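Below: one structure, written as structure tokens.
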Amino acid sequence: MKKTVEKVAIIGAGPGGLATAIALRKQSIDAHVYEKAKEFRPVGGGLGLMSNGLRCLDAIEPEIAITLKLAGCQVKRVTVNTSAGETIRTTESTMMAKYGQPFLTIWWWRLQQILASALPPEVIHLNHSYIGFEQNENTVITHFDNEKTVDSDLLIGADGVNSTVRQTLIDDGQPRYLGTMSWRTVINYNKNNNLLPPNEVVVMRGEKSILFLLNLGEGNMYWGARKVLSDSSLSNTATEVKSRVLKEFADWIEPVRKLIEATDAERILERPICDKPPLKQWSYGRVTLLGDAAHPMSPLAGQGANTTFEDAYELAECLCNFSDLQTALSAYDNRRIQRTAIIQTLTGESEKGLDKPTQQTNQQSQQEREEFQNWLYDYNPKSESRLRPWKEKVVI
Ligand SMILES: Cc1cc2nc3c(=O)[nH]c(=O)nc-3n(C[C@H](O)[C@H](O)[C@H](O)COP(=O)(O)OP(=O)(O)OC[C@H]3O[C@@H](n4cnc5c(N)ncnc54)[C@H](O)[C@@H]3O)c2cc1C
């Protein structure tokens, strides 16, 4: 079959843009990635890769999934504590037993490095900040701030939650603040710390606040603190950021305060947690969206990167299996929009729920939660059943 596209320009060398380039190049499509950063630097926080994301990466390129599993931390246990340090519950991770893939935690930067190393270096163009495009029946011309332009058959906006491609394409305004501020960083993992045992994820819950502690493998750990705050303005300096998080977590147990105190202020990233309402259409002519640019969501369910890898797999599949671009892109929209809209909506509601005291889940909602998790984590590129829609509303 004649290829739907020969040349593709992808904006953004985050997990989504890189995974998509790998998937397309494996199908002999000449995909190039354009990234505004001047170099790849050790930035970002820790994230969790689950069975749905890992299966898609495995289907794109098995070597990547193998390397990630060696680099990251395979989580055995999740413990939920109070901010006073009392254990609410400890659960063994059932991800491997139930879904055949580990619950893997890894540094965003290592994920980026591993994905980038699976591409020929000459197809990643750093220091290319996207500023606009024009399209006609035959081509799309992309413009960068360094005055370069690129002609391609398809432009993919994988440029994150503040996507400029989405702004040019749809112009649907700024992300909306979900009412929670976050502070996060990656630091060296000290085995003798009394907060985070090896191979564990620890979640601590305080009043209108939550702290995630993740082992990331290779001697690194992540702490990510979130608090419900009406004020979403950013601090002016790194010192102010650190003072703010120390103030907001002042009534937490001493080891938490010490952990924050011991962190280099320059390395704490302060961000408001935002999303956008789901879109009805992602693809227009020769331009489409992917990852956080298409479906920015609260990180509470740890699905941002995982759903992004689903997008990458499905977009490459559609471009290879349909005979013309418009049919391929509308199939991509059909496969992805409903699923990601549900996850976006539910995670957004849960993020707003941080405002309320922790509730006991009754048996019915526990069952619904498990069904929802099955739908989420069962996503398998090798099975047609992955495209089944979720049936109803659920509290996650
Ligand atoms: C606190 C927090 C915790 C999270 N935890 C998890 C988790 O546990 N699990 C999970 O799955 N996800 C998590 N996420 C979400 C996850 O980080 C993202 O969903 C994921 O990285 C999306 O990938 P992406 O490639 O679409 O976008 P991004 O990772 O945002 O990458 C976008 C890329 O585009 C580049 N770019 C932006 N603008 C331009 C431009 N104009 N021109 C060129 N390049 C541009 C950026 O520099 C960047 O490299 C978390 C997010 C946050 C904020």
Side-chain angles (χ1 to χ4, degrees), residues 9-21 32-41 43-54 56-57 72 75 103-109 111-112 115-116 124-133 142-146 148 150 155-168 175 178 180-186 201 203 210-212 214 216 222-226 268-275 289-312 340 343-344 347 351 376:
I10 301 169
I11 307 301
L18 294 169
T20 307
H32 287 245
V33 182
Y34 300 88
E35 165 61 47
K36 71 175 176 185
K38 293 188 175 60
E39 55 183 342
F40 287 141
R41 289 180 44 249
V43 290
L47 45 80
L49 298 180
M50 326 275 182
S51 50
N52 55 321
L54 282 170
C56 290
L57 279 176
V75 177
F103 171 19
L104 189 77
T105 44
I106 191 158
W107 189 353
W108 187 92
W109 176 56
L111 175 61
Q112 185 187 46
L115 291 167
I124 304 175
H125 308 268
L126 297 174
N127 201 14
H128 277 65
S129 186
Y130 161 92
I131 51 170
F133 73 82
T142 306
H143 300 274
F144 298 95
D145 69 342
N146 55 13
K148 293 196 178 146
V150 166
L155 170 67
I156 302 171
D159 51 341
V161 56
N162 294 304
S163 169
T164 320
V165 178
R166 176 166 171 159
Q167 201 183 322
T168 341
L178 287 169
T180 319
M181 285 299 286
S182 79
W183 299 271
R184 56 197 154 111
T185 193
V186 175
V201 164
V203 183
I210 193 161
L211 177 82
F212 292 90
L214 270 57
L216 300 180
Y222 162 86
W223 66 254
R226 302 232 287 281
I268 305 176
L269 185 70
E270 183 180 54
R271 284 278 179 279
I273 299 291
C274 295
D275 74 354
L289 301 171
L290 180 139
D292 277 6
H295 46 76
M297 58 179 69
S298 151
L300 213 52
Q303 277 298 315
N306 290 294
T307 48
T308 295
F309 295 138
E310 294 177 2
D311 295 346
T340 52
I343 304 170
Q344 266 179 294
T347 51
E351 186 75 42
L376 195 58

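Atoms within each ligand, like the ligands themselves, are counted from 1 in listed order. Values in this document were obtained by computation on a predicted structure and should not be read as measured data. Atoms considered below: every heavy atom in the structure, side chains included; atoms not considered: hydrogens, waters and symmetry mates.
Atom 24 (P) of ligand 1 has Gly16 N, 4.0 Å as its closest protein atom, hydrogens excluded (heavy atom only). When hydrogens are left out, the protein atom nearest atom 53 (C) of ligand 1 is Arg184 NH2, 3.3 Å; that is the closest non-hydrogen contact. The protein non-hydrogen atom at the shortest distance from atom 45 (C) of ligand 1 is Lys36 CG, 3.7 Å. Atom 11 (O) of ligand 1 has Ala305 N, 2.7 Å as its closest protein atom, hydrogens excluded (heavy atom only). Looking only at heavy atoms of the protein, atom 6 (C) of ligand 1 is closest to Leu47 CB, 3.5 Å. Regarding atom 23 (O) of ligand 1, its nearest protein heavy-atom neighbour is Pro15 CD, 3.7 Å. Among protein heavy atoms, the minimum distance from atom 47 (O) of ligand 1 is reached at Glu35 OE2, 2.7 Å. Given atom 15 (C) of ligand 1, the protein heavy atom at minimum distance is Gly304 CA, 4.1 Å.
Considering only heavy atoms from C-beta on, Asp311 comes within 4.5 Å of Thr340 through its side chain. In this structure, Ile131 and Thr164 have side chains that are not in contact, with every pair of non-hydrogen atoms separated by 4.5 Å or more.
With hydrogens and angles disregarded, no donor-acceptor distance shorter than 3.5 Å links the side chain of Thr347 to the backbone of Leu300. One N or O on the side chain of Trp109 and one on the backbone of Arg41 form a donor-acceptor pair closer than 3.5 Å. When atom types are taken as modelled, the side chain of Trp107 and the backbone of Val43 share a donor-acceptor pair closer than 3.5 angstrom. For Trp108 (side chain) and Leu47 (main-chain N/O), no donor-acceptor pair under 3.5 Å exists by modelled atom type. Panel note: side chain Asn146, backbone Asn127; a donor-acceptor pair is recorded below 3.5 Å. At least one donor-acceptor pair under 3.5 Å links the side chain of Asn306 to the backbone N or O of Gly48. A donor-acceptor pair is defined here as one N or O able to donate and one able to accept, closer than 3.5 Å; such a pair exists between the side chain of Thr308 and the backbone of Gly304. Judged purely by atom type and a 3.5 angstrom limit, Arg166 uses its side chain to pair as donor or acceptor with the backbone of Ala293.
When non-hydrogen atoms are compared, ligand 1 lies under 4.0 Å from the backbone of Asp292 as well as from its side chain. The parts of Asp159 lying near ligand 1 are both backbone and side chain, judged by heavy-atom distances below 4.0 Å.
Using a 4.0 Å cutoff on heavy atoms, Gln303 counts as a contact of ligand 1. Within the structure, ligand 1 lacks Gly45 among the residues with a heavy atom less than 4.0 angstrom away. Look at His128 and you'll find a heavy atom under 4.0 Å from some atom of ligand 1. Heavy-atom distances between Ser129 and ligand 1 reach below 4.0 Å in at least one pair.
Considering all non-hydrogen atoms of both residues, Arg184 and Gly45 come closest at NH1-N, 3.9 Å. Summarising the geometry of Gly44 relative to Val186, their closest heavy-atom pair is O-CG2, 3.8 Å, with the distance given to 0.1 Å.
Which of Ala37, Gly160, Gly48, Gly157 comes nearest to atom 30 (O) of ligand 1 through a heavy atom is settled by distance: it is Gly160. Closest heavy-atom approach to atom 51 (C) of ligand 1 within the set Ala294, Pro299, Ala301: this belongs to Pro299. Ranked by closest heavy atom to atom 42 (N) of ligand 1, the top entry among Tyr34, Phe144, Tyr130, Phe40 is Tyr130. With atom 21 (O) of ligand 1 as the reference point, the heavy atom nearest to it among Phe309, Phe212, Trp108 is part of Trp108.
Taking any N or O of Ser182, backbone or side chain, none lies under 3.5 Å from an N or O belonging to ligand 1. Considering backbone and side-chain N/O atoms, Ala293 never comes within less than 3.5 Å of an N/O atom of ligand 1.
Within the listing of ligand 1, atoms 41 (N) sit less than 4.0 angstrom from a heavy atom of Thr164. Numbered from 1 in the order shown, with element, the atoms of ligand 1 that lie under 4.0 Å from a heavy atom of Ala158 read 32 (C), 33 (C), 34 (O). Heavy-atom proximity to Gly291, at under 4.0 Å, picks out these atoms of ligand 1: 26 (O). Of all the atoms in ligand 1, the ones that sit under 4.0 Å from a non-hydrogen atom of Gly14 are 25 (O), 31 (O), 33 (C), 49 (O). When each atom of ligand 1 is checked for a heavy atom of Asn306 under 4.0 Å away, the hits are 11 (O).
When Glu35, His32, Lys148 are each tested for a side-chain hydrogen bond (donor to acceptor under 3.5 Å, both in side chains) with His125, only one passes: His32. Tested against Phe103, the residues Leu54, Leu49, Val201 include a single side chain to side chain contact (heavy atoms under 4.5 Å, CB included) partner, Val201.
Contacts classified as salt bridge (Lys or Arg N to Asp or Glu O under 4.0 Å) and involving residues 298-310 (residues at least two apart or in different chains) are given here: Glu310-Arg336, Glu310-Arg339.
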